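Working notes, beginning with the structure itself.
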Amino acid sequence: MTILAILNGRVVDPATGSVSAGGVLIRDGRIAEVGMIDMPPGAETLDARGSLIAPGIVDIGCFAIDMPAFAAGGITRTALMPDQSPPIDDGALVQRALAAGKPALWVHPIAAATHGLNGTELAEIGLMAAAGAVAVATGRTRIADARVMHRVLGYAAALDLVTIVHAEDEAMVRGTVATDGETATRLGLPSAPAMSEAMAVARDLMLAEDTGAPIHFRQLTTAAAFDLVRAAKARGVPVTCGITPAHLYLSDAEIGPFRTFARLSPPLRCEADRQAARQAVADGTVDMLCSGHDPRGSEAKRLPFAESEPGMAGAETLLTLSLGLVRDGLITLPRLFHLLSTGPARRFNLPGGSMAPGAEADLILVDEHAPWRIRADAMAATAGNTPFDGLPVQGRVRTVIKGGRVL
Amino acid sequence: MFPHRDLTGIAGLQPHEITFLLDEAEHWIALNRGGASKHDGRLAGLTQINAFFENSTRTLLSFEIAGKRLGADVVNMHAATSSTKKGETLIDTAVTLNAMRADVIVIRHDASGAVQLIADKVDCPVLNAGDGQHEHPTQGLLDALTIRRRRGSIAGQVVAICGDVLHSRVARSNILALTALGADVRVVGPPTLLPPAIERMNVTRHTDFDAGLAGADVVMMLRLQRERMAGGFVPSPREYHALYGLTPERLKRAKPDALVMHPGPMNRGVEIASSVADDLNRSAITEQVEMGVAVRMACLDVLTRGRRGIEGWA
């Protein structure tokens, strides 16, 4: 029996909304005691002085398994998007993805909703669920055919799976790389109206409401979309949504002189939408904060803006940027870890995200004040495509504990 | 006087820097009109590469003539015959050009921002000869010079830029140059061809052609690409001409002595009627071409002064 005692920290428990001095006792990979713990004889100890002890981050919807980046970012579980090569659209591919990160990281594969993510024929969602898929997703785009989407939602719901949706109307955004506005116009970049997002949300909310299916919008970024979700939640629709820090901190002005690292999907929005996104985090409309981790090398990014690929390496900056929301007074520290860990774990029925005795001991020790500077050329990720290059930040993961093991 | 290594756009230039380039261009007009000898050897020994990743006849010719009149060794690289067709990335091409020790590189590319991307990777001055729908700064300068010479000044002039503003780098560079120098700029066209938030570039937006032309000192027509006339952006060339084509009748809405401009090549009978284009009293279209050579000579001269060791130029 291995016993680890983490001492002298400040324990953040999203479930109780508390931050209290103390420690955590881990026995056989599970949390045994929290708070003022009794040291059993023979326990290993870990001094957490000056650190928060919080549940490991549960990151929903990353695009790559990038172990060093997840370790640096304190991410202990990730739900992997089906947009792999080949797409995760059958049980064997689910099983392969499941094993990809163990033991340091648990990868929870998300099943492609349709064969090859082609948007037309249902994939073997049931067999993939049996193999370990935790949700269904439409991929980097939405399913254009509303009838197919209607079937996907109903079918997945019968299997108790949440459908994860990308919300952009494909006809509106085809061939575009930015949001309509002054920046895109000055740069001469093809752009689409911001309402392309709300148009997609409106359709899929209606389909979800009709089928009673749980739906999760992986990233929402506009005021109009948040309004729709807010209203749907009030009606009792089982809808949730996420966002990445990029859309909380950056507006479309950041694409400035053709910075391809700021080419994202969905694209950066205007300042008013950014403010609306922050408000949606503060008022609880947003249910989870995610990295959207999508490392892209120079062959995809050192290109003219419109020819570059969208995406950012977000895993190792997710926590430090999100801590800024606490400092800005938008949310409390326990609420932050609810958005990063407990909320997503509950929504997708994943272990982890809990500080309760008996829960899996996926914990991170965080020095919430440690200053550092984000540098694209010094990232742990397989590629350093961050739009936050050069930004001074605070907060760093000191230690990651996965299933009771110190990594 | 001109503290920039490159000319990638009008954006980023101060009004006095734009005026400086226009003043420099004035010097070259006389030489260009000077009969049999149009040669000035100040760029002798320097290598000018015109790297054109997008087809061009007149702009390439204009840059080639400008370079040769200044005595540079001018080399043209056409995308159709280059390794970019074999999958080489733009950055690799840029590094290759750099290794050949060009002294100035003139670039045209069909992607917005491509010229800046190359400029960041080479050690010599870079001149943007048009990048996607972003900028075409020498066109903006030559149009400003034409207006200044024909109308006496730019400040206070009412300039109507008409047609496919959405896809036009010419329009963007003109808006930036002319508003910087105090012109009152309007953009006029069907709503499908006006960029979103264009008012943020300090212009007024008109979808009614007659209202947009009313009282204008300068009417600048833009080319409408053939592939955009077939229902995607406008219903047909016929309807476009009826609603937004510049005819003698339409031109009466503008000031009696209003100047007509077009960056070329023209679609006669679509955005502009031949009788307007060929009216020597009104049309400045051939003068624009002439000013183009002078402006490009000025830009090549100014950007290479540092390399040529001219005192006061880094």
Side-chain angles (χ1 to χ4, degrees), chain A residues 171-197 222 224 251-263 267-273 296-310 376-377 383 385 387 389, chain B residues 6 8-12 53-54 84 87-95 107-121 128 130-137 164-173 175-176 179 187 193-203 205 232-233:
Chain A
M172 295 296 287
V173 303
R174 188 173 300 129
T176 69
V177 298
T179 307
D180 277 0
E182 181 181 353
T183 304
T185 286
R186 283 182 183 273
L187 295 176
L189 294 173
S191 58
M195 66 162 176
S196 309
E197 178 173 283
T222 60
S251 71
D252 62 352
E254 289 299 318
I255 65 181
F258 303 104
R259 294 178 63 222
T260 57
F261 282 5
R263 180 164 178 216
L268 290 171
R269 306 297 191 185
C270 70
E271 178 62 15
D273 278 330
R296 300 279 196 170
S298 60
E299 69 286 352
K301 286 291 191 183
R302 280 174 68 189
L303 293 169
F305 192 89
E307 294 170 14
S308 68
E309 299 284 340
D377 60 0
N385 52 312
D389 187 24
Chain B
D6 309 309
T8 53
I10 301 294
F53 298 88
E54 182 188 78
T84 58
E88 184 175 83
T89 68
L90 195 55
I91 299 273
D92 290 336
T93 308
V95 169
I107 300 164
R108 166 166 290 194
H109 198 283
D110 61 5
S112 301
V115 175
Q116 185 63 55
L117 190 68
I118 296 177
D120 292 341
K121 297 291 165 200
N128 183 358
D131 64 324
Q133 298 162 9
H134 176 225
E135 282 227 47
H136 190 356
D164 184 1
V165 180
L166 178 63
H167 300 101
S168 178
R169 55 194 173 212
V170 172
R172 285 171 178 76
S173 287
I175 290 169
L176 292 165
T179 56
V187 297
L193 292 176
L194 295 181
I198 189 68
E199 300 87 346
R200 302 278 301 171
M201 293 186 78
N202 304 313
V203 299
R205 180 179 183 277
F233 290 88

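What you are looking at is a predicted structure, and each value in this text was computed from that prediction instead of being measured. Order of the sequence lines sets the chain letters (A, B, ...), proteins ahead of strands, with each chain counted from 1.
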Discussion item. Below 4.5 Å, heavy-atom pairs only: which of A/Ala184, A/Pro257, A/Gly181, A/Ala306 has the largest tally toward chain B?
Written reply: A/Gly181
Worksheet item: How many angstroms lie between atom CG of A/Leu189 and atom CD of B/Gln133, to the nearest 0.5 angstrom?
Response: 8.5 Å
Discussion item. So, using ring pair (Phe, Tyr, Trp, His ring centres under 6.0 Å) as the criterion, who are the partners of A/Phe258 when residues are at least two apart?
Written reply: B/His134
Fill in: A/Phe261: partners by ring pair (Phe, Tyr, Trp, His ring centres under 6.0 Å), with sequence neighbours left out
none
Worksheet entry | Contacting region of B/Leu166 [heavy-atom separation from chain A under 4.5 Å] | neither
Worksheet entry | side chain to side chain donor-acceptor pair (under 3.5 Å) pairs, two or more places apart, involving residues 107-120 of chain B | B/Thr8-B/Gln116, B/Thr59-B/Arg108, B/Arg108-B/His136, B/Gln116-B/Asp120
Worksheet item: Once you round to the nearest 0.5 Å, how far does OG1 of A/Thr185 lie from CZ of B/Arg172?
Response: 6.0 Å
Worksheet item: Residue by residue, which of residues 296-304 of chain A have a heavy atom closer than 4.5 Å to a heavy atom belonging to chain B?
Response: A/Arg302, A/Leu303, A/Pro304
Worksheet item: Is it the side chain or the backbone of A/Glu182 that comes within 4.5 Å of chain B heavy atoms, both, or neither?
Response: both
Discussion item. Tell me the closest heavy-atom pair linking A/Arg186 and B/Arg200, and the distance in Å.
Written reply: NH2-O, 3.1 Å
